[in-house]
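These notes are about the structure you will find just below.
Here is how names work: the chains are called A, B, and so on, in the same order as the sequence lines, proteins then strands, and each is numbered from 1. Since we're looking at a predicted model, the values are computed, not measured.
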Number of protein chains: 2
Amino acid sequence: MLKLSKKVEYGILATQYIATKNGETVSAKEIAERMELSFDFLSKTLQALMKNGIISSQQGIHGGYKLSKSPDQISLTDIIHSLEERITIVNCLSPGDESCDKMDNCTLRNPFHVIQLKIDDLFTEMTIQHLLPNNDKLYSLDLSIKGTPNG
Amino acid sequence: MLKLSKKVEYGILATQYIATKNGETVSAKEIAERMELSFDFLSKTLQALMKNGIISSQQGIHGGYKLSKSPDQISLTDIIHSLEERITIVNCLSPGDESCDKMDNCTLRNPFHVIQLKIDDLFTEMTIQHLLPNNDKLYSLDLSIKGTPNG
DNA sequence: TTCAAATAGGATAACAATAGTCTTATTTTA
DNA sequence: TAAAATAAGACTATTGTTATCCTATTTGAA
Ligand code: FES
Ligand code: FES
């Protein structure tokens with residue numbers, strides 16, 4: 001419950017990896033090997049990111065991928081939206097959903113919408129820039145950390 | 001992705017329904033009928049809430065459930081923790097998980113932990129009290145709403 | 001011109017998680 | 001003793017996720 005999909009994890013990892021290569025074209029094979037991810041699955045992910053303008057691709061023998069924007073212009077929400085259709089904590093918060101109409105007695109829409117907007121904010125405020133190695137900006141993010149992550 | 005389970009939805013709805021009955025014992029049958037939920041599945045949910053001290057049960061012919069605490073003392077996190085094991089956006093944020101050790105090249109733990117803590121906060125700050133009808137406290141919550149939820 | 005290495009993309013299989021159902025036992029009161 | 005309720009385990013069905021397979025296309029270089 002409330003878990004990110006592997007697709008999104010792959011997407012974030014790959015985008016971050018490409019970002020470290022600063023402009024160089026990186027092949028899916030290289031990313032898969034370095035990150036120890038399934039090549040086929042990663043490829044799907046990269047293709048989706050490409051379609052959504054996060055990265056651009058170069059076909060052919062020396063092809064690969066590079067970022068379309070600078071790392072601080074790519075939010076986690078950008079990546080998530082490229083890779084997933086349903087991203088709301090309940091279906092009835094998705095555009096076009098009619099389940100609320102059927103459930104007369106459900107009064108959770110407003111409260112859940114309050115939470116949904118905040119969750120969206122969290123992923124929007126964090127960018128690929130924040131994920132890069134030796135980054136000191138992570139801790140100055142609005143969503144500042146309260147404990148020590150690694151123990 | 002990032003979706004609440006039906007179990008949790010049922011749990012929140014049922015707890016909120018019981019809260020509106022202010023102290024009365026309410027049967028699972030009544031909740032299932034009024035909320036149009038599967039009786040069997042709802043029963044499982046109520047039993048789990050009971051085991052975790054959110055509600056108390058009375059067996060026998062006039063039995064049912066009532067709250068163990070006041071609505072403002074029951075957070076959504078209390079309910080979620082009663083009903084779900086894995087509640088982190090990535091597995092490696094769960095206690096005892098070793099997947100980070102295997103993934104040398106994954107640098108997402110700290111950033112994800114930052115987001116995780118904030119998500120936990122959202123569900124902790126919202127209580128059953130906030131869900132009750134004609135409630136004006138929802139909009140004064142720290143996690144204040146930015147748009148109009150219903151359109 | 002041919003080959004190798006790369007992306008593009010559809011189809012499908014394997015697996016896991018979720019949701020729902022069924023059955024039986026136990027508890028309580030009338 | 002019967003009825004109505006909770007308790008709980010087993011099982012099934014459905015859905016969603018993850019991974020794999022296969023073929024086509026693109027590009028550059030030998
Ligand atoms: S079905 Fe829409 S809020 Fe519950
Ligand atoms: S495996 Fe732990 S952060 Fe990615």
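- If you measure from atom CG of B:Leu49 to atom C1' of D:dA8, you get 15 Å, rounded to the nearest angstrom.
- Here the P atom of nucleotide D:dA2 and the NE2 atom of B:His62 are 18 Å apart, to the nearest Å.
- Atom CD of A:Gln59 and atom C1' of C:dT7 are 5 Å apart (whole Å).
- Put simply, B:Ser57 has a side-chain N or O that comes within less than 4.0 Å of OP1 or OP2 on D:dA7.
- The side chain of A:Phe41 sits closest to D:dA19 out of D:dA19, D:dT27, C:dG9.
- Rounding to whole angstrom units, CG of residue B:Asn52 and P of D:dA8 are separated by 12 Å.
- Rounded to whole Å, atom P of D:dA4 lies 17 Å from atom OH of B:Tyr65.
- Within residues 4-27 of chain A, the residues having any heavy atom under 4.0 Å from DNA chain C are, by residue number, A:Ser27.
- Nearest to the side-chain atoms of B:Gln47 among the listed nucleotides D:dA8, D:dT20, D:dA3 stands D:dA8.
- There is a side-chain donor-acceptor pair under 3.5 Å between B:Asp78 and B:Ser75.
- Atom pair A:Leu83:CG and D:dT17:P shows a separation of 12 Å (rounding to whole Å applied).
- A heavy-atom distance below 4.5 Å is found between the side chains of A:Phe41 and A:Lys7.
- Under a 4.0 Å N-O distance rule, the pair B:Lys118/A:Glu125 does not qualify as a salt bridge.
- Taking 4.5 Å as the limit, some side-chain heavy atom of A:Leu131 sits within range of a side-chain heavy atom of B:Leu108.
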Item to check | Criterion side-chain hydrogen bond (donor to acceptor under 3.5 Å, both in side chains) on B:Asp72 and B:Ser70, from CA distance to verdict | outcome: CA-CA 6 Å; B:Asp72 65 338; B:Ser70 63; 2.6 Å; yes

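- Nucleotide C:dA6 holds its P atom 14 Å from the CG atom of A:Asp40, rounded to whole Å.
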Report all interatomic pairs (protein N or O, nucleotide N or O of nucleotides 11-17 of chain C) with separations under 3.5 Å.
| residue | atom | partner | partner atom | Å |
| --- | --- | --- | --- | --- |
| C:dA11 | N6 | A:Lys44 | NZ | 3.4 |
| C:dA17 | OP1 | B:Arg86 | NH1 | 3.0 |

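- Closest-nucleotide positions on DNA chain C for B:Gly60 and B:Glu84 were compared, and the one nearer the 5' end corresponds to B:Glu84.
- The number of heavy atoms from other shown groups lying within 6.0 Å of NZ (A:Lys69) is above 12.
- Here C:dA6 is the nucleotide among C:dA6, D:dT27, C:dT7 with the atom lying nearest to any side-chain atom of A:Lys29.
- Computed from coordinates, the B:Met50 CE to D:dA8 C1' distance equals 10 Å when rounded to whole Å.
- Put simply, A:Ser38 has a side-chain N or O that comes within less than 4.0 Å of OP1 or OP2 on D:dT20.
- Looking at A:Phe123 and B:Leu2, their side chains come closer than 4.5 Å, going by heavy atoms from C-beta outward.
- Side-chain atoms of B:Asn91 and B:Ser94 form no donor-acceptor pair, as typed in the model, at a separation below 3.5 Å.
- When only modelled atom types and interatomic distance are considered, A:Asp97 and A:Ser99 share a side-chain donor-acceptor pair under 3.5 Å.
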